[in-house]
Asks: 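Handing you this structure, nothing more for now.
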Amino acid sequence: DTEVTQTPKHLVMGMTNKKSLKCEQHMGHRAMYWYKQKAKKPPELMFVYSYEKLSINESVPSRFSPECPNSSLLNLHLHALQPEDSALYLCASSHPTGTGGPAQYFGPGTRLTVT
Amino acid sequence: GIQVEQSPPDLILQEGANSTLRCNFSDSVNNLQWFHQNPWGQLINLFYIPSGTKQNGRLSATTVATERYSLLYISSSQTTDSGVYFCAVGQYGNKLVFGAGTILRVKS
């Protein structure tokens, strides 16, 4: 069972569209993450939020814009994506490092197709 | 950055067989997790094990931090164990680096 939820499960969007991915957790975690996973590859970190502040941006293109409105929610706003951005987008959460162990828990993912 | 190598890359088992998956890492870590990714993409936490040994049912894991490796043991494998097994390590902050994974196929 996962306590990290993601919506939508699937998303198809054109290159001129604007869409958002949503992630929610109710485990009291104060760190949240976005990962991108291409087919047959491991997940790759995109962004980390710690205490609602962006702490890591892995040089992600500006067409991906993260937002953390509160400690339970994480959004990823998408604009002017390219077909190569098609992937599984995974959200995760954890306690911040040093408090209760930094084990990360993942949501079920959003499968994004850019046409 | 830290390197994470998993072996074997692919593994085919007959139902009921046992297996050992290995994860080598190139530097000291303060986080090591094993995940199972099912065919629908869900990453399921198996173990958080930066050091020591843990067991959960038919699965167990051992991390020898001083020698920079971790092992995942699967006993009496079932077809539902099929999928990709990832080892992921963290050194500082909250950044996890994943290995390339081991694809496991269990045949009935």
Side-chain angles (χ1 to χ4, degrees), chain A residues 1-6 9-10 23 25 27 29-51 53-59 68 74 86-112, chain B residues 1-7 9-10 21 23-25 28-52 54 56 61 63 65 70 72 80 82-105:
Chain A
D1 290 342
T2 177
E3 295 184 64
V4 180
T5 59
Q6 291 187 241
K9 286 189 170 61
H10 300 275
C23 174
Q25 58 89 14
M27 292 183 281
H29 291 162
R30 300 302 298 275
M32 296 186 76
Y33 312 78
W34 282 114
Y35 287 82
K36 174 181 177 180
Q37 187 178 20
K38 300 283 280 183
K40 300 189 188 301
K41 296 288 188 182
E44 291 183 338
L45 183 67
M46 299 174 72
F47 302 104
V48 180
Y49 274 82
S50 183
Y51 295 98
K53 290 188 181 352
L54 183 65
S55 60
I56 297 177
N57 176 345
E58 291 286 286
S59 303
C68 190
L74 185 67
S86 298
L88 180 67
Y89 288 84
L90 293 161
C91 174
S93 71
S94 77
H95 291 295
T97 300
T99 57
Q104 294 187 21
Y105 295 85
F106 283 77
T110 293
R111 201 165 293 278
L112 174 68
Chain B
I2 192 168
Q3 304 298 310
V4 184
E5 293 183 357
Q6 290 187 241
S7 59
D10 290 275
L21 280 56
C23 173
N24 293 333
F25 43 97
S28 58
V29 299
N30 62 11
N31 183 357
L32 191 147
Q33 291 184 250
W34 283 98
F35 297 94
H36 175 214
Q37 189 164 41
N38 65 23
W40 298 271
Q42 173 79 59
L43 271 171
I44 299 162
N45 277 47
L46 297 177
F47 295 102
Y48 167 72
I49 188 165
S51 64
K54 290 186 178 179
N56 184 2
T63 297
S70 183
L72 176 69
T80 51
S82 296
V84 184
Y85 288 80
F86 287 108
C87 168
V89 302
Q91 288 187 288
Y92 44 79
N94 294 77
K95 182 173 177 176
L96 268 186
V97 176
F98 283 73
T102 292
I103 301 172
L104 175 63
R105 298 180 183 89

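The structure presented is a predicted model; accordingly, all values stated were derived computationally and were not measured. Naming convention: chains lettered A, B, ... in sequence-line order (proteins, then strands); numbering from 1 in each chain.
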Asks: Tell me if a side-chain donor or acceptor on A/Q104 pairs with a main-chain N or O of B/N45 at a distance below 3.5 Å.
Replies: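 Looks like no, no N/O pair under 3.5 Å.
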
Asks: Surrounding CD of A/E44 (heavy atoms of other residues, nucleotides or ligands, distance under 6.0 Å), is the total greater than 12?
Replies: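 Check fails, neighbour count at 12 or below.
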
Asks: For chain A, find which of B/P50, B/G101, B/G41, B/G90 contributes the most heavy-atom pairs closer than 4.5 angstrom.
Replies: B/G41

Asks: Counting heavy-atom pairs under 4.5 Å with chain A, which one of B/F98, B/F35, B/F86 comes out on top?
Replies: B/F98

Asks: Where does A/E58 contact chain B at under 4.5 Å (heavy atoms): side chain, backbone, both or neither?
Replies: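 Just the side chain, heavy atoms under 4.5 Å.
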
Asks: For the interface with chain A, which of B/L96, B/N31, B/L32 has the highest count of heavy-atom pairs at distances below 4.5 Å?
Replies: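 Among the listed options, the one with the most contacts to chain A is B/L96.
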
Asks: In terms of heavy-atom contacts, does NZ of B/K95 have more than 12 from other residues, nucleotides or ligands at under 6.0 Å?
Replies: no

Asks: In terms of heavy-atom contacts, does NZ of A/K38 have more than 12 from other residues, nucleotides or ligands at under 6.0 Å?
Replies: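 Yes.
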
Asks: Do you know the tightest heavy-atom contact between A/P42 and B/G99?
Replies: CB-O, 3.2 Å

